[in-house]
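So the structure is just underneath, and the comments pick up after that.
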Amino acid sequence: MATSEVQTKSDLLARDQAHLIHPLHNPAANENGHVWVRGEGACLYDLDGKEYIDGLSGLWNVFAGHGRKELADAASDQMRTLGYCSGYSGSTNRPAIDLAERLSDWAYPNINHFFFTSGGGESSDSCFKTARYYWKLKGKPEKTKVISREWGYHGVTLAAMSATGIKTYWPMFEPRVPGFIHIPSPYPYRYEAPEGASQGVAAANELEKAILAEGPDTVGMFFAEPVQGAGGVIVPQDDYFARIREICDQYDVLLVTDEVITGFGRTGTKFGLEHWGVTPDMIQFAKGVTSGYFPLGGIGISDEVSDVLNQGDTIWMHAYTYSAHPVGCRIALANLDIIEREGLLAAAREKGKKLKDGLCGALESHPHVGEVRGLGLMCAVEIVADKATKEEFPASDKIGPKILAASDQRGLFSRVRGDVYCIAPPAVITDAEIDRTVEAIAESVKAVLG
Ligand SMILES: Cc1ncc(COP(=O)(O)O)c(C=O)c1O
């Protein structure tokens with residue numbers, strides 16, 4: 001069939017079903033999927049011309065919003081000049097150099113060295129391998145284990161999946177890579193601390209328990225999102241990461257933060273741990289670095305880690321064809337220009353507050369809304385069967401998916417984790433669109449639960 005012919009939505013979906021395998025593939029879920037044709041600001045438009053608020057900024061990534069001609073121009077100009085070149089040692093390009101230098105200003109003061117990938121999962125693998133090599137060079141080759149957290153999401157390459165703590169990602173593909181251990185999430189709404197103890201410190205002490213159980217000489221890194229995203233927007237307690245840092249220092253464990261969602265302004269700061277004044281040893285990023293306009297990710301390492309890696313005359317046997325892609329790096333530079341020029345960090349703080357206040361006002365008193373939470377432009381509404389006991393609805397009731405479907409009918413496109421409705425719109429969302437978002441969620445909750 002000629003692809004240039006004008007086609008109806010059902011024609012396109014039939015061809016999609018015949019040939020396209022989707023992430024989280026499920027033909028039934030795709031039967032009546034959206035066919036998006038355009039984006040502008042915080043909105044997406046489907047083939048029928050209907051407007052939807054992009055409630056999750058694509059997949060948490062389109063921070064600067066849709067329809068940015070400046071990013072298209074940067075891509076076009078770079079493609080016309082130099083569309084690709086190897087990034088391997090001995091071969092470099094101006095946009096990659098400019099971006100690495102620019103990121104040293106953006107990232108934590110000790111993180112000044114960057115390796116680029118094509119996304120989050122590759123970045124997770126890059127962190128695991130870098131940590132292993134670092135400890136080998138330090139004369140501690142046994143320090144290979146990775147401790148991460150329940151509800152953490154770090155991607156789905158085999159190693160990244162093994163660090164991911166959302167268990168539904170595992171069974172189809174087990175056995176997982178050995179040496180990946182999970183501790184409980186600090187999850188303020190659900191974590192039960194011993195009486196009298198600070199919940200954040202008690203949750204952080206789970207790391208110490210795990211390190212001691214595994215043996216400190218075998219643990220190489222602790223891997224954590226500053227705010228857990230896909231796991232349901234879990235914002236840690238204010239004292240959590242300070243205690244985590246202490247534990248990592250005490251047992252010689254690298255603190256590695258997965259800033260794939262929290263990097264580049266989503267929570268209102270450049271990177272997530274800035275909220276708590278804590279500095280990691282290594283970070284990884286993706287998504288917001290290009291606002292989703294190009295598949296680019298990477299890792300940033302501390303001066304100390306870099307000094308160790310640069311010892312001797314070895315070759316670091318880690319590489320991707322698309323590392324330091326000149327087009328991706330050029331788009332990232334233009335995206336950072338937009339974030340700085342338009343004050344999008346402040347926008348994320350202010351609009352995030354309006355969004356969270358709106359959701360609290362509309363929903364907190366609802367008998368099935370257990371919690372409304374968020375930081376910057378990352379928010380969630382957690383639905384429960386019983387507010388007093390925090391008991392969940394049986395998964396078979398599909399409450400979350402039903403609320404999601406109801407919000408879709410009301411022009412809001414987003415995602416749920418079980419019965420937790422996640423919202424993370426672009427930083428350019430207008431006040432009127434925030435009001436529409438709140439209204440759509442509140443009406444959907446009431447439509448499903450009364
Ligand atoms: C925190 C975090 N890490 C890693 C990833 C994986 O990124 P990718 O899908 O680009 O492999 C994601 C994706 O949602 C993420 O949210």
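Numbering starts at 1 and runs along the sequence shown. What you see below is based on every heavy atom in this structure, not just the backbone, and it leaves out hydrogens, waters and symmetry mates. One-based numbering, in listed order, for ligands and for the atoms of each.
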Value rounded to 0.5 Å, distance of CG in L375 from CZ in R266:
11.5 Å

Do the ring centers of F223 and F128 come within less than 6.0 Å of each other?
yes

Aromatic ring centroids of F115 and W316 under 6.0 Å?
yes

At a 4.0 angstrom heavy-atom cut-off, ligand 1 is contacted by G119, G120, G121, Y153, H154, G155, E225, D258, V260, I261, K287

Just verifying a value: how many Å separate S323 OG and H318 NE2, rounded to the nearest 0.5 Å?
7.0 Å

Taking the ring of F285 and the ring of F271, is the distance between their centroids below 6.0 Å?
no

Can you tell me how far apart CD1 (I111) and CD1 (I301) are? Round to the nearest 0.5 Å.
8.0 Å

